[in-house]
There are 2 protein chains.
Amino acid sequence: MGIEERRERERSARKLNIVRAARKLFYEKEFKDVTVAHIAKKAELSKGAVYLYFKSKEEIYGQILLSELDKTYNVALSSLRNEQSAQKMLIAFAEIYIDTFLKDRESFRKIMTFMLQTDHLNLSENLNQSLIKSANKTMDIVGTILQRGVEEREFPPNLDIWQSRNIIWGMLNGIISLYLFSGKEVSREKVIKSMIRAGLNHLVEGTKTSTKQKKAICA
Amino acid sequence: MGIEERRERERSARKLNIVRAARKLFYEKEFKDVTVAHIAKKAELSKGAVYLYFKSKEEIYGQILLSELDKTYNVALSSLRNEQSAQKMLIAFAEIYIDTFLKDRESFRKIMTFMLQTDHLNLSENLNQSLIKSANKTMDIVGTILQRGVEEREFPPNLDIWQSRNIIWGMLNGIISLYLFSGKEVSREKVIKSMIRAGLNHLVEGTKTSTKQKKAICA
DNA sequence: TGAATTATGGTCAATCATTGACCAAAGGTC
DNA sequence: GACCTTTGGTCAATGATTGACCATAATTCA
């Protein structure tokens, strides 16, 4: 049924158009300073039409965050494609992840702000769950790399993958938070990447030394 | 008013979509074998929607012819841009005109068929007039070139421009009709162009010789 | 500090746009 | 010539959208 398909395409296009318009405004101003009337105007629709596609202002915002998170995940996935050591993969992942936010600092700000106040946004349970799930997907890439390291006997078999993943994740986002919005722009990339590279190397060496020390004690 | 502008753009886009769908079908089949239901289906609209934008099936067809004629005119206009002799301009015009239809033979067929039965199509007076006018515009390029030839003293000052224009126009279309749909495709372009070039040269020389003979008789 | 005013998220009756069943007429078949 | 099929064109019903309106929150002012 071409007519029904065309209508569906039009609905999708209209929804995407609203999201694009809203995204621009949310990136220019704070959430509370953006009005639904303004979003509607930019999308060349009425307010009623915006509410046809979205339950609330928060739903629009959440949808934007969701697509940011999904995009970040899809980009970071490429770090799994090269056959190389787990340590090198971790560094490759981190660099791709950092690049994503160097290109779009506002995206990082929004995502991190959301993480800090998931209970404040008044999103539907469904959307909230999707956001958490999407964020976790990217985090899980780190876990996948660590698991490979253990399987290739590069990391100790008793490595606590869940804990290590979270430590790496925290360090990554913590360092990016420290330097993404401050310091000299010309050296920002270098500072962040070298610091994270050093931190990852230290962490990896630490897991190996821990195993050697345990073996030494047993001898 | 963004909303009204968006609605206008959507109406234009929908109309263009109908014309595109119809054009494909009219180029595959005869006018009478194409149904409005089929056009609607190809455009992914209902029949009622098609009649929202067009008064009748003939109106759609006429609109398509109009855009073909306008396109032909715009392409042919470029022959007026080069500063050269009127004779060379005529040949340049002819070659551009021929190329248009070598690329799209069906366009030529449709336009010529229309010329042969303007009274059969049952178009609105308005659309009919637009079609005639558009066809005449292209023809008038020939007249413009001839006028320049007279002004540059390349052609005799007493040249009947209207008559000469029609002679050239008739010869052009007559020769194209003869060879566009028959003969070997590989030599088609060469045959048509060389024949028209020869015909134009003969006609031009004929206008010059006519003036010389008149002068000789007066002496 | 409370009243008045303004701004805005969200709603819904009115309006606009589209659909496809229906009809009349033309063409085809037996 | 009666009957059937096809199709151009129509329009009541339905889907999509609009923007005035309302309730509530935030802001301003005396």
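Everything quoted here is computed from the prediction, not taken from an experiment.
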remark   = Here the distance between atom P of D:dT17 and atom NZ of A:Lys15, to the nearest Å, is 13 Å
key: Whole-Å distance separating the CD atom of A:Glu8 from the P atom of C:dT19   = 15 Å
query = Parallel, tilted or perpendicular: which describes the rings of A:Phe93 and A:Tyr97, with under 30° parallel and over 60° perpendicular?
reply = parallel
query = Within this structure, what is the CD-to-C1' distance between A:Glu4 and C:dG20, rounded to whole angstrom?
reply = 13 Å
key: Of residues 47-59 of chain B, the positions that come close to DNA chain D - non-hydrogen atoms, cut-off under 4.0 Å   = B:Lys47, B:Gly48, B:Tyr51, B:Ser56, B:Lys57
task = Find out whether the Lys NZ or Arg CZ of A:Arg23 is both under 6.0 angstrom from the six-membered ring centre of A:Tyr27 and within 45° of the ring's axis.
result = yes
Distance in angstrom units between A:His38 NE2 and C:dG9 P, rounded = 12 Å
query = Does a side-chain N or O from A:Arg6 land closer than 4.0 Å to OP1 or OP2 of C:dT18, or not?
reply = no
request  = Could you tell me the separation between the CZ atom of A:Arg9 and the P atom of D:dG15, rounded to a whole number of Å?
outcome  = 20 Å
key: Lys/Arg cation over aromatic B:Phe181: B:Arg109, 6.0 Å, 45° cone   = yes
key: For atom CD1 of A:Ile60 and atom P of C:dG9, their distance in whole Å   = 9 Å
task = Could you check how far CD of A:Glu10 sits from C1' of D:dG15, rounded to whole Å?
result = 12 Å
task = Report yes or no: is the cationic atom of B:Lys110 (NZ for Lys, CZ for Arg) closer than 6.0 Å to the six-membered ring centre of B:Phe26, at no more than 45° off its axis?
result = no
ask   = Using a cut-off of less than 4.0 Å, is there contact between a side-chain N or O of B:Arg7 and OP1 or OP2 of C:dC16?
value = no
ask   = Is the cationic atom of B:Lys15 (NZ for Lys, CZ for Arg) positioned less than 6.0 Å from the six-membered ring centroid of B:Tyr53 and within 45 degrees of its normal?
value = no
inquiry  = Using whole Å, what does the distance between atom P of nucleotide D:dT14 and atom CD1 of A:Ile3 come to?
reply    = 17 Å
message = Ring-plane angle category for A:Tyr61 and A:Phe31, please: parallel below 30°, perpendicular beyond 60°, tilted otherwise.
response = perpendicular
query = Do the side-chain N or O atoms of A:Arg14 get closer than 4.0 angstrom to the phosphate oxygens (OP1, OP2) of D:dT17?
reply = yes
task = Look at the side chain of A:Lys57 and the backbone N and O of A:Val34, then say whether any donor-acceptor pair between them is shorter than 3.5 Å.
result = yes
